[in-house]
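We count residues from 1, following the sequence as given. When reading the values below, keep in mind they use all heavy atoms of this one structure, side chains included, and skip hydrogens, waters and symmetry mates. Here the structure is a predicted model, which is why all the values come from computation and not from measurement.
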Amino acid sequence: MARIRIFFLFTVFFIPGFSLSAQVLEDYSKTWEVAERESWFASSDRISQELNLATFPKANFYLEVPEQTVVFAGEKLWFYSNSDTVLIRRVTDVAQELAQEKVTLTLYKEGIGSQDIILKKMIGTELDQTTPEESKNFISIREKKRSVLRDFFGLGLLIVLFFIAFYKQAYPFLFSGMLRPSGLLSDEDFSDVGSLQKFFSLDVLLFVFMVNLLLALVGTLGFVIYKGDLVFQLIDQDVMSLMIFWLVTTVGLLILTVFKFIGIRIVAYLFDLRKLEFPHFFYLLRLIVWACFIMIGVIFVYLMNSFFMLENVLELSLQVFFWLYLFGITGLFLIMMNRLSFKKYHLFTYLCIAELVPFLILAKWIMVLGQ
């Protein structure tokens with residue numbers, strides 16, 4: 001136990017330059033065997049897998065585990081992590097200590113899953129030369145990243161709430177109409193197609209900008225979580241840089257949203273569905289607003305309380321958003337089918353061209369980017 005170099009970190013996040021100077025030889029992070037749940041509502045509390053210590057003996061054994069995790073090597077209690085922990089040791093040292101060439105690692109923690117653990121064999125000069133003193137610098141860097149991310153998200157959320165309060169006072173009628181949840185289950189948007197005919201008016205553009213603020217806030221967090229090394233190569237690792245990145249992303253999404261509306265208008269014109277592009281567009285925009293509210297609320301709770309689970313929560317939130325949007329397109333199809341004397345085949349083709357195909361392409365691009 002005394003020979004184990006366990007570096008306690010307050011969060012498992014990114015080490016700048018780490019991936020540039022260290023090469024992954026074997027990655028065991030996605031091959032954990034998760035114990036079966038005792039009931040439908042219960043969560044797993046044990047994961048395990050066999051580790052070959054005979055291959056790449058001069059490489060480094062790299063293991064990241066969350067806080068309050070018990071780690072067994074075979075039948076031997078190896079160590080217990082009081083806080084989020086990183087273990088970096090030579091493979092030969094681990095093999096000598098355990099006196100085995102193959103060992104089964106078993107980790108116990110309530111709710112643990114394969115997404116919580118990183119286990120690799122790596123080689124690189126920084127890994128070979130890592131000392132306990134240098135690991136303290138890694139601790140400081142990782143604490144700073146978690147702190148910066150929390151400060152950014154909290155400040156961004158305050159700005160969004162302030163903007164919402166301002167918009168509610170300036171345009172109360174449009175605000176209440178656009179955020180009315182009942183509009184997702186009724187055809188009230190289609191009952192008066194003349195109520196929203198000025199997309200490029202200030203009140204409508206400000207509302208669309210507010211929605212993109214919400215989307216960009218989640219998107220910026222996702223970029224940092226999944227592509228942190230790339231993001232911090234482009235910007236500094238501080239709150240102000242993330243705020244600028246967020247605002248630039250918001251403007252980019254706003255431009256894409258405008259082009260989307262223009263595309264919907266063109267497709268609606270080709271299908272002779274003029275004046276229906278407005279209720280079509282704002283029906284799905286209302287769905288996006290409520291989905292963002294729910295996502296940001298859940299992400300905020302985990303960001304402040306269970307940071308180690310944030311990546312898994314963010315992935316699940318994006319999956320829920322994906323299916324909600326597909327259900328929204330389905331609901332839009334049913335509403336338009338009841339309101340319009342239009343052939344179902346042509347209506348389905350219209351929605352595929354205007355919504356479904358572009359959305360699936362975008363979802364595929366985001367999925368590839370997050371890998």
Side-chain angles (χ1 to χ4, degrees), residues 7-19 64-69 81-86 109 111-113 115-118 135-165 210-250 253 291-321 366 369-370:
F7 306 134
F8 291 96
L9 307 178
F10 292 98
T11 181
V12 177
F13 209 65
F14 306 99
I15 300 177
F18 198 75
S19 60
E64 297 185 4
V65 296
E67 61 182 354
Q68 299 179 355
T69 301
S81 61
N82 287 307
S83 59
D84 296 344
T85 302
V86 172
K109 175 183 169 65
I112 196 170
Q115 72 281 351
D116 303 325
I117 310 299
I118 296 179
S135 70
K136 295 178 182 179
N137 295 328
F138 291 159
I139 295 174
S140 176
I141 291 171
R142 288 189 162 189
E143 284 180 333
K144 179 182 178 182
K145 287 189 173 180
R146 180 170 67 173
S147 177
V148 166
L149 199 57
R150 284 176 169 174
D151 292 344
F152 156 72
F153 197 82
L155 181 59
L157 187 56
L158 287 177
I159 293 175
V160 170
L161 293 177
F162 175 81
F163 191 92
I164 292 175
M210 182 182 70
V211 176
N212 285 308
L213 279 175
L214 295 170
L215 281 174
L217 188 62
V218 178
T220 301
L221 182 67
F223 271 121
V224 174
I225 294 297
Y226 292 108
K227 296 293 181 180
D229 292 338
L230 176 61
V231 171
F232 290 124
Q233 286 178 8
L234 302 175
I235 62 175
D236 294 330
Q237 186 183 313
D238 55 54
V239 175
M240 186 55 63
S241 297
L242 284 176
M243 295 297 294
I244 295 174
F245 184 85
W246 172 44
L247 293 177
V248 171
T249 304
T250 301
L253 289 176
C292 284
F293 282 155
I294 297 173
M295 287 174 59
I296 289 176
V298 173
I299 290 171
F300 181 80
V301 171
Y302 278 89
L303 179 63
M304 298 300 171
N305 298 282
S306 301
F307 187 84
F308 196 88
M309 293 293 296
L310 184 59
E311 180 177 348
N312 186 46
V313 170
L314 185 60
E315 180 181 354
L316 180 61
S317 298
L318 294 176
Q319 291 176 358
V320 172
F321 179 85
I366 293 176
L369 185 63

**Prompt:** From Phe300 CZ over to Leu310 CG, what is the distance, rounded to the nearest 0.5 angstrom?
**Reply:** 12.0 Å
**Complete:** Taken to the nearest 0.5 Å, the spacing of Asp238 CG from Phe232 CZ works out to 8.5 Å
**Item:** Main-chain N/O of Thr69 paired with Ser81 side-chain donor or acceptor, under 3.5 Å
**Value:** yes
**Prompt:** Ignoring hydrogens and geometry, is there a side-chain-to-backbone donor-acceptor pair from Trp246 to Leu213 under 3.5 Å?
**Reply:** yes
**Request:** Kindly determine whether Met243 and Ile159 satisfy side-chain contact (heavy atoms from CB on, under 4.5 Å), including the steps that lead there.
**Result:** CA-CA 10 Å; Met243 295 297 294; Ile159 293 175; 3.2 Å; yes
**Request:** Kindly give the heavy-atom pair with the smallest separation between Cys292 and Leu214, and that separation in Å.
**Result:** CB-CB, 3.9 Å
**Prompt:** With distance as the sole test, does Ser241 use its side chain to make a donor-acceptor pair with the main-chain N or O of Gln237 at under 3.5 Å?
**Reply:** no
**Nearest non-hydrogen partners of Leu303 and Leu149, listed with the distance** = CD2-O, 4.2 Å
**Complete:** When every non-hydrogen atom of Ile299 is compared with those of Ser317, the smallest separation belongs to CG1-OG, 4.4 Å
**Asked** At their closest point, which heavy atom of Thr250 faces which heavy atom of Ala216, and how far apart are they?
**Response** OG1-CB, 3.2 Å
**Prompt:** Which heavy atom of Met210 sits nearest a heavy atom of Ile164, and at what distance?
**Reply:** SD-CG1, 3.3 Å
**Asked** Closest approach of Arg150 and Met304, non-hydrogen atoms and distance?
**Response** NH2-O, 3.4 Å
**Message:** Side chains of Phe321 and Ile294, heavy atoms from C-beta outward: is any pair under 4.5 Å?
**Reply:** no
**Evaluation steps, side-chain contact (heavy atoms from CB on, under 4.5 Å), between Phe152 and Thr220** = CA-CA 10 Å; Phe152 156 72; Thr220 301; 3.6 Å; yes
**Prompt:** Where do Phe153 and Ile296 land on the side-chain contact (heavy atoms from CB on, under 4.5 Å) test, with the steps shown first?
**Reply:** CA-CA 9 Å; Phe153 197 82; Ile296 289 176; 3.9 Å; yes
**Request:** Quick one: do Leu314 and Val218 satisfy side-chain contact (heavy atoms from CB on, under 4.5 Å)? Show the steps, please.
**Result:** CA-CA 9 Å; Leu314 185 60; Val218 178; 4.2 Å; yes
**Message:** Rounded to the nearest 0.5 Å, what separates atom CE in Met240 from atom CG in Leu155?
**Reply:** 8.0 Å
